[in-house]
S.K.: 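Okay, here's the structure, questions in a sec.
Because the structure is predicted, anything quoted here is derived from the model rather than measured.
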There are 2 protein chains.
Amino acid sequence: MKKYLEILKKCPLFFGIEEEQLLRMLHCLGARVSPFDKKYTVFAEGNPAKYIGIVLSGSVQIIQVDYYGNRSILSEMHESQVFAEAFACGEVESLPVTVVANEPSEVMFIECGHILHTCENNCGFHQQLIFNLMKDLAAKTISFHQRIEIVSKRSTREKLMTYLMFEAKKVGKSSFEIPFDRQELADYLEVDRSGLSAEISKLRSEGILESRKNHFELKR
Amino acid sequence: MKKYLEILKKCPLFFGIEEEQLLRMLHCLGARVSPFDKKYTVFAEGNPAKYIGIVLSGSVQIIQVDYYGNRSILSEMHESQVFAEAFACGEVESLPVTVVANEPSEVMFIECGHILHTCENNCGFHQQLIFNLMKDLAAKTISFHQRIEIVSKRSTREKLMTYLMFEAKKVGKSSFEIPFDRQELADYLEVDRSGLSAEISKLRSEGILESRKNHFELKR
DNA sequence: ATGAATCTGTTGAAAATTCAACAGAAAAGG
DNA sequence: CCTTTTCTGTTGAATTTTCAACAGATTCAT
C-alpha cells in the first residue's frame, strides 16, 4: 500500500489523516487494489453496490447504456478521485451504471459498510473519515447539479457553451484542454457528434472560440 | 416547535432520534421556522448557502432560471423533506438555485455549521445527525442521477416514458398521480409543452397509456 | 515507415422539436 | 352563479437535430 500513499494523501476521503494512521486505517478497512486494462469493466451495471472505488492511477468513466444502446458518459474520474460512493452509501441493491477503465488504471476498493460502522479497534478516525465522506458526497451532488444544468439546455450550442464556460471557470483561464474527444464530448452533452462538430466550426467562424483537437479558447 | 414533532419524526434527518431529545436538539441547533405564501421565495439564487431547509407543511420547488429566462424545475420537496443540504454541506459561496413555495408552506431552517460541528453541550446526537445527513446526501445524489437519466434521453417520448416508468416503479403500481401540471412536467423533462401534450395524445392513441389531468396509467 | 484503424468535419435529406396562435375545458375568485 | 384566469390539446410553419455517408487527418501497431 505504501507506494500509493502520495496519491491517497490527495484523496479528499482521507483529508486530515496522517500517513501512518492512513496505512493502519487502510488495513482496518480491508482496502484492496486491482489493475485494469483500458476498456475493462471496474463495476458492471446490476452489481450490488457495496464498494467505494478510488482511482490510484489512470482514469475511469462512469457510463450508462440505455435499451437503445445509446451510451451516456456521466463522469470521468482521475487519480485520487472517489467514485460509486453514493450508491455504496445509499445501499442500493444494484448499480445503475457501469464503470470502465479509460486507460490502464489501478483502483482501490473499500467496502462502504466498513467506513460507516466503526470497527472493533475503534480507530478514532472513522469520525474524520465519515465527515470527509459527507463532504465528498456534497461535492458530488453539486457536480451532478452542474451536469443537469448542462444537459438541461435545449440546443447543442447552449450545451456546449455552458460546458465550456464551466471548464474555463474551473481552471480560471479562457484557454484550456477538455478531457474528451469529439464523440465523448457529444455523449457527455447528449447531442449528435456531427452536429457538435458543425456547431464548433460555426462558433469558430463567428469568432466566439478557437479550438484545435481538445484544446479550446473562449474569446471575449 | 412541539406542533411540528410529528412531521419532524418523519424527516430522514432525525431518524433514530427520540422526541424529547429532538426538541432539545432543535434548540441546540438554533432551528427556526418561517411561513411562506404561494410563489414566495424561500432561498434566492446567489444567497450564501448556510442553511438547510426542511419542509414542515406545503411544498417548495427547487428551480433554476438561465439567462434566456428558461425556467427549469430541479425538484419538488414535500412535508418532512430536506433541501439545500448539499449546498450547505458543500459550503458553496452562493446558491446556484432558487427555492420558491409551491403553495402556502412552513419551512424550518437549520444552520449547517451547527450540524457539522458538535456543540459545547456535546449533545451526543450529532453523530447520529451527521450519519443521517450523509444517508440523505447519498439518496439525493442517486435521485439527481435519476434526473440525469431522464433529461439525457434524446426525444420527448423517451423522456416522458422514462419519467413515468420511474414514477410507476416508485409507487409500485402502473396507475399513479404525478405532482406536476403540463407546463411543470415539460419544464422537468426539458421539452416543449405543446410537444409534450401532443406526445401524450399520441401515446394514448397507441394504447401505451391512459391519462386524465395528472393521473397516468401505463398499459402493458 | 507503412498500412490499418480511428477520429473529425462536411454535407444534404429525413425526422423531431420548438414556436406562436387559438379555442375549448377546467379552476379560481368574487 | 357568472366572469376571469389558467390550463390543455391542436395545428402548421420555422428551426434544429439526427442520421448516413464520405474523405481527409491523425493515431496506432507492426
S.K.: Please check this pair: side chain of B:N102 against backbone of B:V60, looking for a donor-acceptor N/O pair closer than 3.5 Å.
M.R.: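 Answer holds: no.
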S.K.: Has A:R147 got its NZ or CZ under 6.0 Å from the middle of the six-membered ring of A:Y163, at an angle within 45 degrees of the ring axis?
M.R.: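 A:R147 over A:Y163 ring: no.
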S.K.: Taking the minimum atom-to-atom distance to the side chain of B:S201, which one of D:dG9, D:dA20, D:dT17 wins?
M.R.: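 For the B:S201 side chain, the nearest candidate turns out to be D:dG9.
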S.K.: Could you tell me whether the side chains of B:E76 and B:S59 share a donor-acceptor contact shorter than 3.5 Å?
M.R.: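 The answer is no; no qualifying pair exists.
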S.K.: Rounded to whole Å, how long is the line connecting atom CZ of B:R182 with atom C1' of C:dA25?
M.R.: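 These atoms are roughly 13 Å apart.
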S.K.: Which sits closer to the 5' end of DNA chain D, A:R193 or A:T156, going by the nucleotide each is nearest to?
M.R.: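 This one resolves to A:T156.
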S.K.: Answer yes when B:E19 and B:K9 have at least one side-chain N-carboxylate O distance shorter than 4.0 Å, and no when they do not.
M.R.: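 Salt bridge flag = yes for B:K9 with B:E19.
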S.K.: Classify B:S194 by what it touches in the nucleic acid, base, sugar-phosphate, or nothing, heavy-atom distance under 4.0 Å.
M.R.: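 Base: the residue B:S194, judged by heavy atoms under 4.0 Å, touches a nucleobase.
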S.K.: I'd like to know if B:E210 pairs up with B:R204 as an ion pair, taking the criterion as any Lys NZ or Arg NE/NH1/NH2 lying under 4.0 Å from an Asp or Glu carboxylate oxygen.
M.R.: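 B:R204 and B:E210: not salt-bridged.
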S.K.: Measure CZ/B:R204 against P/D:dT8 and give the value in whole Å, please.
M.R.: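 Distance, rounded to whole Å: 12 Å.
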S.K.: Which whole-number value in Å describes the distance from A:D192 CG to C:dC7 P?
M.R.: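 Nearest whole value for this atom pair: 16 Å.
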S.K.: Has the side chain of B:S57 got a donor or acceptor atom that lies under 3.5 Å from a matching backbone atom of B:E106?
M.R.: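 It does hold such a pair.
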S.K.: Mind checking if B:R212 touches a base, just sugar-phosphate, or nothing, with heavy atoms under 4.0 Å?
M.R.: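 Nothing, no nucleic acid heavy atom in range.
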S.K.: When the distance from CD1 of A:I178 to C1' of C:dC7 is rounded to whole Å, what number comes out?
M.R.: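 The answer, rounded to whole Å, is 14 Å.
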S.K.: Are there more than 12 heavy atoms of other residues, nucleotides or ligands under 6.0 Å from atom NE2 of A:H27?
M.R.: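 Open: at most 12 neighbouring heavy atoms sit under 6.0 Å from NE2 of A:H27.
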S.K.: Nearest whole Å is fine: how far is C:dG9 C1' from A:L160 CG?
M.R.: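 Rounded to the whole Å, the gap is 15 Å.
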S.K.: Look at the side-chain N and O atoms of B:R154 and state whether any lies under 4.0 Å from the OP1 or OP2 oxygen of C:dT17.
M.R.: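 No.
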S.K.: How many whole angstroms separate atom CD of B:Q183 from atom C1' of C:dA26?
M.R.: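 Checked: the CD to C1' distance equals 17 Å.
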S.K.: Would you indicate what B:S197 reaches in the nucleic acid, counting non-hydrogen atoms under 4.0 angstrom: base, sugar-phosphate, or nothing?
M.R.: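 Since a base atom lies under 4.0 Å of B:S197, the category is base.
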S.K.: I need the CD-P distance between B:E199 and D:dT11, as an integer number of Å.
M.R.: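 Taking CD of B:E199 and P of D:dT11, I get 14 Å after rounding.
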S.K.: Measure across B:I7 and B:S80 and return the closest heavy-atom pair with its distance rounded to 0.1 Å.
M.R.: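 The answer is O-CB, 3.5 Å.
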S.K.: Which angle, to the nearest 10 degrees, lies between the helix axes at the two ends of the helix from C:dA1-D:dT30 to C:dG30-D:dC1, each defined by five pairs?
M.R.: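 The end axes of the helix from C:dA1-D:dT30 to C:dG30-D:dC1 are about 70° apart, to the nearest 10°.
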S.K.: Rounded to the Å, how far apart are B:L196 CG and C:dC19 C1'?
M.R.: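 To the nearest whole Å, that distance equals 15 Å.
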S.K.: Atom pairs under 3.5 Å, N or O on each side, protein against nucleotides 24-30 of chain D: can you list them with distances?
M.R.:
unit_1	atom_1	unit_2	atom_2	d
D:dT27	OP1	A:K213	NZ	3.0

S.K.: Please confirm whether the backbone N or O of A:K213 pairs with a side-chain atom of A:R182, one donor and one acceptor, at under 3.5 Å?
M.R.: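 Such a contact is found between A:R182 side chain and A:K213 backbone.
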